[in-house]
Number of protein chains: 2
Amino acid sequence: MTGPARSPRPHPGGALPAQRLAELDAEPVPARSLPASPATAAEARSAGWQLDDLWLPAVVLRDSALTHNLDRFARWCTEHGVELAPHGKTTMAPRLWSAQLAHGAWGLTAATVAQARVMRTCGVGRVLIANEVVEPAQLRWLADTLADPDFEPLCLVDSSDGLTVLERHLEPAERPLPVLLELGVAGRRTGVRGTAEALELAERIAGSPRLELAGIEGYEGALPQVRDGQAPEVARDWLARLTEFVVRADARGVFAANDEVLVTAGGSAYPDLVAGAFAAMPLLSRPVRFIVRSGCYLAHDDLLYERSSPLRSAADRDPLRPALSCFARVLSCPEPGRSLLGAGKRDVSFDIDLPVPRAMYREGVREPLDGRARIVELNDHHGFCDTEPGLLGVGDVVELGLSHPCTVFDKWQLIPVLDDADRVVDAVRTLF
Amino acid sequence: MTGPARSPRPHPGGALPAQRLAELDAEPVPARSLPASPATAAEARSAGWQLDDLWLPAVVLRDSALTHNLDRFARWCTEHGVELAPHGKTTMAPRLWSAQLAHGAWGLTAATVAQARVMRTCGVGRVLIANEVVEPAQLRWLADTLADPDFEPLCLVDSSDGLTVLERHLEPAERPLPVLLELGVAGRRTGVRGTAEALELAERIAGSPRLELAGIEGYEGALPQVRDGQAPEVARDWLARLTEFVVRADARGVFAANDEVLVTAGGSAYPDLVAGAFAAMPLLSRPVRFIVRSGCYLAHDDLLYERSSPLRSAADRDPLRPALSCFARVLSCPEPGRSLLGAGKRDVSFDIDLPVPRAMYREGVREPLDGRARIVELNDHHGFCDTEPGLLGVGDVVELGLSHPCTVFDKWQLIPVLDDADRVVDAVRTLF
């Protein structure tokens with residue numbers, strides 16, 4: 001019996017192949033916020049553009065915040081004895097994935113096989129598809145990848161019916177497909193609900209010639225992600241049940257022989273609760289690899305994760321920094337206290353929170369808004385911004401803090417990256 | 001004094017240049033629902049794929065519905081004495097724009113200068129930017145286009161401050177920039193509120209050497225778009241005030257000499273009320289061109305516009321047909337009556353309504369759902385679907401009817417087009 005394997009087994013190959021990244025950087029794509037469109041990432045990097053040159057609305061990334069967050073969260077994972085398979089769905093940006101892998105990530109997480117396909121095309125070597133796969137064509141693709149010694153796919157199983165579909169459509173391959181059994185939250189998303197059912201499913205997977213049980217997965221983010229009241233305690237209890245289940249499954253001998261056991265949970269809100277549950281888990285019959293799958297830590301935000309992350313500014317001396325924001329122009333002030341900004345539902349996320357005005361710029365001078373302006377509604381291309389009368393004027397620029405990075409990234413194919421002097425030093429290409 | 005000019009002056013050039021469209025069709029783009037990705041539209045057209053080959057989730061367009069809606073709305077416009085500048089923001093799809101222009105559209109509408117820039121690159125010859133433009137770089141671009149005899153841009157002005165910004169940043173050009181004065185809805189979006197203020201602004205525009213007043217614009221879609229209760233009456237009253245204003249402005253002699261007057265309103269919900277208001281407008285001192293700007297009629301939908309369009313199925317014998325839907329796989333049925341579909345907030349619109357399950361497919365057999373399934377929540381990549389226990393099983397496919405096409409199109413770069421035998425006969429490329 002050996003203790004948990006806490007030494008990193010990083011992503012095979014580390015950063016992504018430079019040539020593939022360079023090819024992506026050379027492809028012209030629609031770039032509605034750049035002075036020229038279509039544009040390439042390479043062009044944005046060398047054109048000498050500034051924030052003032054951008055066509056607003058423009059969602060931008062801050063280089064210093066990205067660099068800080070990459071390092072800060074990598075250190076946090078090391079300090080907490082967990083490894084990171086960052087959720088690549090957040091950004092779908094090969095350059096950012098590469099930076100995460102170069103910072104020691106064990107692999108990437110994907111939500112869908114289509115995302116895993118993009119990742120593989122970009123040279124990602126290990127992808128944990130944190131979802132059930134029951135699509136015949138996608139299972140054929142997965143089986144094909146098993147012949148590729150440079151690619152390691154994993155996916156989830158959460159039901160006997162799902163397992164039957166997998167076995168029916170997974171064609172015989174060079175090696176079994178590694179799967180993790182998913183435990184779920186009652187009343188919420190995917191994942192087995194009961195322990196007895198889960199043990200039975202684990203044994204069926206263990207007995208399948210096409211599959212091997214690589215570990216156990218859960219997503220505590222299906223529970224409310226707030227730091228107030230009972231929510232963290234509820235998540236903690238659920239995570240304790242997850243690790244308890246891992247111990248019971250290990251006792252049944254269901255995990256693939258000759259390999260470590262993967263135990264994974266953790267979005268960007270509760271990785272500390274996850275790490276705590278992992279640390280409290282008893283030793284198993286074989287080495288264990290503890291993996292968190294946070295994706296939003298890299299961009300962080302001004303709202304959702306600034307309320308919920310263990311590295312939010314209210315909870316940590318070296319917090320994550322919001323890297324994304326949106327600059328928008330005041331188009332019209334048709335009534336006292338009502339300004340219309342030129343940014344809307346197609347530019348920024350609105351599924352969790354509306355954007356929050358952080359600062360205004362008039363004739364190039366920045367003034368913090370400190371709660372004096374509020375977005376009350378978004379149309380497709382307009383934001384309704386309420387202030388004291390006269391605060392904003394036509395032609396002013398407002399910088400909006402954002403929530404939920406996942407639904408910001410997917411609205412832009414090329415996102416300019418600014419340095420702290422507001423120069424465009426790069427552009428991040430996304431592949432949605 | 002001449003009567004309203006009701007003979008069409010269609011888009012210069014009609015359909016878009018075939019070569020530019022072919023170039024776009026030959027560019028590989030991420031295509032997460034296609035069997036190969038990246039893929040080109042040309043490839044999708046010739047590969048011989050079927051619905052069954054698609055990687056779900058897949059948003060698809062129905063060829064027959066598109067063809068029908070193109071023709072049906074063009075006929076409706078002719079019958080109602082209005083011309084069409086369809087809102088290109090809905091699809092941002094050059095192939096669809098081209099079809100709309102080939103069906104007699106007068107030009108395209110854009111919400112932003114960035115969209116107008118894409119349209120011009122694709123060969124669109126006339127773009128009504130139905131928005132205020134106060135961005136210095138964008139005004140420079142607009143001024144530059146005035147030197148292009150093959151491009152006719154128009155934009156809106158709704159305030160004295162906005163006009164000042166325009167005059168400051170519009171560099172001297174070969175000809176004045178044609179603008180429309182925007183009338184607004186109290187408490188809502190952009191647009192001048194009071195008649196006196198609007199007349200004063202019209203006179204300032206008329207006196208500007210850089211601008212000419214081409215007409216009057218309003219957007220009744222800023223009012224509630226429902227057919228129940230007082231809503232249509234409120235919209236009708238507001239539209240009557242708009243045409244009344246046109247008459248008063250004409251009496252002041254503010255419209256550009258030697259040209260027709262443009263009068264435009266009309267999204268996809270109330271074009272009938274708009275056409276009614278236009279028809280009731282007295283003659284002006286010069287010819288009038290009445291333009292509606294509906295964009296969503298082309299895709300129509302199952303919810304928002306199926307409730308509100310004059311061509312909804314409950315109101316017309318030859319109604320618009322919903323052309324967009326999303327096919328998603330049942331990934332898991334973890335509790336009785338709860339199924340998780342593999343489609344979420346990044347695949348379909350959710351800003352007005354959640355999707356509605358129309359039909360299920362099991363082993364290739366289609367069964368209408370007729371209200372027996374309901375989407376109750378969307379996560380990024382999952383849809384929570386509630387049914388009577390046992391109705392759906394893992395591996396079943398659900399076809400989802402959608403709402404608000406604008407926030408569906410912008411989630412996909414390449415949308416497969418199916419014929420009525422579920423063959424992929426084309427793919428529509430979007431340029432967001």
Side-chain angles (χ1 to χ4, degrees), chain A residues 30 32-33 35 37-38 53-57 89 111-115 117-118 121 131-135 137-138 158-159 161-162 164-165 184 186-187 189-193 329-335 338 340 342 345-346 350-351 379-382 384 393-395 406-407 410-411 413 431-432, chain B residues 30 32-33 35 37-38 53-57 89 111-115 117-118 121 131-135 137-138 158-159 161-162 164-165 184 186-187 189-193 329-335 338 340 342 345-346 350-351 379-382 384 393-395 406-407 410-411 413 431-432:
Chain A
R32 61 189 194 271
S33 68
S37 175
D53 297 313
L54 298 183
W55 280 33
L56 306 191
K89 69 152 183 173
T112 66
V113 183
Q115 291 174 353
R117 178 171 64 171
V118 174
T121 306
N131 208 346
E132 282 58 38
V133 182
V134 294
E135 186 78 14
Q138 294 171 6
D158 79 341
S159 72
D161 287 351
T164 301
V165 174
R189 219 158 81 178
T190 50
V192 190
R193 302 299 198 247
R329 187 75 63 170
V330 177
L331 303 178
S332 178
C333 301
E335 287 165 7
R338 162 66 50 92
L340 275 303
K345 291 188 287 191
R346 291 172 132 196
F350 59 92
D351 54 326
N379 289 174
D380 282 3
H381 295 281
H382 291 87
F384 292 61
V394 172
C406 296
T407 44
D410 65 4
K411 294 175 170 61
Q413 294 192 44
L431 298 176
F432 287 97
Chain B
R32 61 189 193 270
S33 67
S37 175
D53 297 314
L54 299 182
W55 280 32
L56 307 191
K89 69 153 184 175
T112 67
V113 183
Q115 290 174 354
R117 178 170 62 172
V118 174
T121 307
N131 207 346
E132 282 58 38
V133 182
V134 295
E135 188 76 15
Q138 294 171 7
D158 79 341
S159 71
D161 287 352
T164 302
V165 173
R189 219 157 82 177
T190 50
V192 189
R193 301 302 197 247
R329 187 74 64 171
V330 177
L331 303 178
S332 178
C333 300
E335 288 165 8
R338 162 65 49 90
L340 276 303
K345 291 189 287 192
R346 291 171 132 196
F350 58 93
D351 54 328
N379 289 172
D380 282 2
H381 295 281
H382 291 86
F384 293 61
V394 172
C406 296
T407 43
D410 66 3
K411 294 175 170 60
Q413 294 192 44
L431 296 177
F432 287 97

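All figures in this text were calculated on a predicted structure; none of them were measured in a lab. So you know, we letter chains A, B, ... as the sequences are listed, proteins then strands, and number each from 1.
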Visitor: Could you look at B:L340 and say if it's the side chain, the backbone, both or neither that has a heavy atom under 4.5 Å from chain A?
Guide: side chain
Visitor: Whether the side chain of A:Q138 engages the backbone of B:L56 through a donor-acceptor N/O pair (distance < 3.5 Å, no angle test) should be reported.
Guide: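 Checked: pair present.
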Visitor: Rounded at 0.5 Å granularity, tell me how far CG in A:N379 sits from CG in B:D351.
Guide: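 Here the rounded value is 10.0 Å.
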Visitor: Can any side-chain N or O of B:E135 pair as donor or acceptor with the backbone N or O of A:W55 at less than 3.5 Å?
Guide: no
Visitor: Considering all heavy atoms of both residues, which atom of B:S159 and which atom of A:V394 are nearest to each other, and what is their separation?
Guide: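 Closest pair (atom of B:S159, atom of A:V394, distance): OG-CG2, 4.0 Å.
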Visitor: Please classify the contact between B:T112 and chain A as side chain, backbone, both or neither, with a heavy-atom cut-off of under 4.5 Å.
Guide: side chain
Visitor: Below 4.5 Å, heavy-atom pairs only: which of A:K89, A:H382, A:R338 has the largest tally toward chain B?
Guide: A:H382
Visitor: For the residue pair B:R32 and A:V118, establish whether any side-chain heavy-atom pair is separated by less than 4.5 Å.
Guide: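 Side chain of B:R32 against side chain of A:V118, heavy atoms only: no contact under 4.5 Å found.
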Visitor: Would you confirm whether A:E335, through its side chain, and B:G187, through its main-chain N or O, come within 3.5 Å as a donor-acceptor pair?
Guide: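 Yes; at least one donor-acceptor contact below 3.5 Å.
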Visitor: Do you know which of B:H381, B:R117, B:K345 has the most heavy-atom pairs with chain A at a distance under 4.5 angstrom?
Guide: B:R117
Visitor: Quick check on B:P57 against chain A: is it the side chain, the backbone, both or neither that has a heavy atom closer than 4.5 Å?
Guide: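 Contact with chain A involves no heavy atom of B:P57 at all.
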Visitor: May I ask you to name which of B:D158, B:T121, B:V330, B:V165 has the most heavy-atom pairs under 4.5 Å with chain A?
Guide: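 Most heavy-atom pairs within the cutoff with chain A belong to B:D158.
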Visitor: Please rank A:R193, A:E132, A:Q115 by heavy-atom pairs under 4.5 Å with chain B and give me the top one.
Guide: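 The option with the most such pairs is A:R193.
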Visitor: Looking at A:N131, A:D53, A:V133, A:T164, which one has more heavy-atom pairs under 4.5 Å with chain B than the rest?
Guide: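 Of the options given, most contacts go to A:N131.
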Visitor: Identify which of B:D380, B:V192, B:V113 forms the greatest number of heavy-atom pairs closer than 4.5 Å to chain A.
Guide: B:D380
Visitor: Got a second to check how far A:F432's CZ is from B:K411's NZ, nearest 0.5 Å?
Guide: 11.5 Å
Visitor: Nearest heavy-atom pair of A:T190 and B:S332: which atoms, and what distance?
Guide: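 Smallest heavy-atom distance, with atoms named: CG2-CB, 3.6 Å.
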Visitor: Testing the basics here: between A:G191 and B:P334, what is the closest heavy-atom pair and its distance to 0.1 Å?
Guide: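 A:G191 and B:P334 have their closest heavy atoms at O-CB, 3.8 Å.
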Visitor: Which one, A:D161, A:L54, A:V134, leads in non-hydrogen pairs under 4.5 Å with chain B?
Guide: A:V134
